[in-house]
Amino acid sequence: MLKKSFAFVAQPHAHFRVKMLEAHYDSFGDKTAEDTHLTNHILRKKLRALDASFVPLDIASKTDYEDGRQLSELGLKILNGKTEINLKAALKNSIVYQGRKHYQDFVEEVMIDGVKKKRRTKLTKPIYFEWDGHKFTLAQEQSLVDYLVIRSLKEHPELLENLQEKGYNVFSDRRFSPKKSSHSLANSLALVVALIKEDLFEEYANNVTLLIEARAYH
């Protein structure tokens with residue numbers, strides 16, 4: 001089955017540090033590990049065919065490449081107080097809803113058949129994101145993900161070191177759709193690589209305003 005995937009290319013020293021491109025490939029699906037392996041192999045070949053300098057990596061929790069799993073939203077971990085949570089949970093916890101409520105404020109304990117269970121009440125309208133005291137508008141969700149990814153990589157320097165040693169510069173995201181998705185982890189990783197190659201990673205990691213401005217051109 002012919003499918004389309006989006007990938008994000010790191011472009012250091014360019015006006016646009018991240019470039020999004022499309023790759024059409026034959027998909028075997030993801031029903032088995034072998035299916036996933038074949039699909040990812042074909043997609044990587046397609047991306048390399050576009051540019052011989054591309055070193056692609058598929059970012060997904062179920063990819064057949066360990067590096068891609070470690071850098072996925074379930075693989076990347078970040079401190080939330082004294083507890084370490086994955087990036088998916090961090091993004092959910094960062095949403096501030098009307099009434100200045102967070103996601104956990106909508107979870108209540110109820111008794112069902114004599115057993116205490118947790119139940120989520122109806123969420124109100126999200127109004128912005130907040131993490132570590134830094135606020136992001138709803139339109140700045142990609143910048144929030146950039147920040148969370150960078151924080152996670154700084155807390156786990158072995159992942160950052162591996163990212164540099166392997167030389168990855170293109171990150172594919174088979175679930176991403178520009179019309180439906182408000183952010184992409186692959187996009188953030190491409191930005192990280194561009195900043196590293198420009199020797200600006202630490203500067204941007206310590207300045208949220210710079211991170212947000214980096215997306216103002218995208």
Side-chain angles (χ1 to χ4, degrees), residues 3-12 16-23 30 36 39-40 43-44 47 54-80 84-95 103 126 129 131-132 134 136-164 166-197 201 204-205 208 211-212 214-215 218:
K3 283 199 170 186
K4 176 174 65 176
S5 176
F6 290 89
F8 297 88
V9 184
Q11 296 189 133
F16 297 99
R17 285 193 174 97
V18 178
K19 176 183 178 181
M20 185 177 72
L21 53 81
E22 297 180 15
D30 293 295
T36 301
T39 297
N40 286 340
L43 178 55
R44 282 190 292 272
L47 289 171
F54 284 174
V55 183
L57 179 66
D58 182 52
I59 304 300
S61 58
K62 293 184 179 180
T63 185
D64 56 327
Y65 272 70
E66 183 179 359
D67 290 347
R69 293 194 300 272
Q70 288 182 333
L71 295 172
S72 71
E73 62 181 9
L74 298 182
L76 285 174
K77 301 293 192 299
I78 186 171
L79 281 175
N80 182 28
E84 196 173 58
I85 60 176
N86 61 46
L87 217 70
K88 184 176 182 178
L91 187 59
K92 181 185 292 185
N93 291 347
S94 71
I95 304 172
Y103 184 83
F129 300 99
W131 192 270
D132 283 345
H134 300 297
F136 301 82
T137 68
L138 297 181
Q140 293 169 343
E141 185 173 348
Q142 184 63 60
S143 293
L144 167 65
V145 177
D146 296 341
Y147 177 71
L148 293 175
V149 168
I150 288 175
R151 280 290 309 278
S152 178
L153 292 174
K154 284 182 67 68
E155 292 173 12
H156 300 86
E158 72 281 1
L159 295 180
L160 186 61
E161 184 178 337
N162 184 61
L163 189 64
Q164 296 177 75
K166 298 290 180 64
Y168 298 122
N169 55 12
V170 183
F171 301 90
S172 57
D173 184 348
R174 290 194 281 132
R175 295 185 303 168
F176 176 78
S177 167
K179 294 181 179 180
K180 299 178 181 179
S181 308
S182 53
H183 71 270
S184 171
L185 190 56
N187 192 339
S188 293
L189 289 166
L191 178 63
V192 165
V193 170
L195 292 174
I196 289 172
K197 290 187 178 298
F201 178 77
Y204 276 67
V208 174
L211 270 180
I212 293 174
R215 291 295 180 184
H218 290 68

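Position 1 is the first residue of the sequence, and the numbers go up from there. Values in this document were obtained by computation on a predicted structure and should not be read as measured data.
A distance of 8.0 Å separates CD in Gln70 from CD in Glu158, rounded to the nearest 0.5 Å. For the atom pair CG (Asp146) and CZ (Phe136), the distance works out to 8.5 Å, reported to the nearest 0.5 Å. Here the CG atom belonging to Leu160 is positioned 8.5 Å from the NZ atom belonging to Lys154, to the nearest 0.5 angstrom. Atom CZ in Phe129 sits 6.0 Å away from atom CG in Leu144 (nearest 0.5 Å). In this structure, CD in Glu73 is found 10.0 Å from NZ in Lys92, a value given to the nearest 0.5 Å.
With sequence neighbours excluded, no residue forms a salt bridge (Lys or Arg N to Asp or Glu O under 4.0 Å) with Glu141.
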Checklist entry - Are Phe201 and Gln164 close enough, and set up right, to give a side-chain contact (heavy atoms from CB on, under 4.5 Å), and what steps lead you there? => result CA-CA 12 Å; Phe201 178 77; Gln164 296 177 75; over 6 Å; no
Item to check | side-chain contact (heavy atoms from CB on, under 4.5 Å) between Asp173 and Ile59, worked out | outcome: CA-CA 6 Å; Asp173 184 348; Ile59 304 300; 5.7 Å; no
Checklist entry - Given Val55 and Val170, is the side-chain contact (heavy atoms from CB on, under 4.5 Å) satisfied, shown in steps? => result CA-CA 6 Å; Val55 183; Val170 183; over 6 Å; no
Next on the checklist: Apply side-chain contact (heavy atoms from CB on, under 4.5 Å) to residues Ser72 and Thr63 and explain how you reach the verdict.
Outcome noted: CA-CA 9 Å; Ser72 71; Thr63 185; over 6 Å; no
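Phe54 has its side chain within reach of Leu21: a pair of non-hydrogen atoms, C-beta onward, lies under 4.5 Å apart. Within the 4.5 Å cutoff, the side chain of Leu191 has no heavy atoms near those of the Val149 side chain. Residues Leu57 and Leu189 form no side-chain contact, since every pair of their non-hydrogen atoms from C-beta on lies 4.5 Å or further apart. The shortest side-chain heavy-atom distance between Tyr168 and Val193 does not fall under the 4.5 Å cut-off. Considering only heavy atoms from C-beta on, Met20 comes within 4.5 Å of Pro178 through its side chain. Looking at heavy atoms from C-beta onward, Leu185 lies in side-chain contact with Leu76 at the 4.5 angstrom threshold. Contact annotation: the side chain of Leu91 approaches that of His183 to within less than 4.5 Å [non-hydrogen atoms, C-beta and beyond]. Contact check for Asn187 versus Arg215: side-chain heavy atoms found under the 4.5 Å cut-off.
Considering every non-hydrogen atom in both Tyr204 and Ala214, the closest pair reads CE2-CB, 4.0 Å. Of all heavy-atom pairs between Leu138 and Pro126, the closest is CD1-O, 3.6 Å.
For the pair Ser152 (side chain) and Leu148 (backbone), a donor-acceptor distance under 3.5 Å is absent. A donor-acceptor contact shorter than 3.5 Å is absent between the side chain of Gln11 and the backbone of Ala194.
Ring orientation note: the planes of Phe176 and Phe8 are nearly perpendicular, at an angle over 60° on the 30°/60° scale.
In this model, a donor atom of one side chain and an acceptor atom of the other lie less than 3.5 Å apart for Ser188 and Gln142.
Counting heavy atoms of neighbouring residues, nucleotides and ligands inside a 6.0 Å radius, atom NZ of Lys77 exceeds 12 of them.
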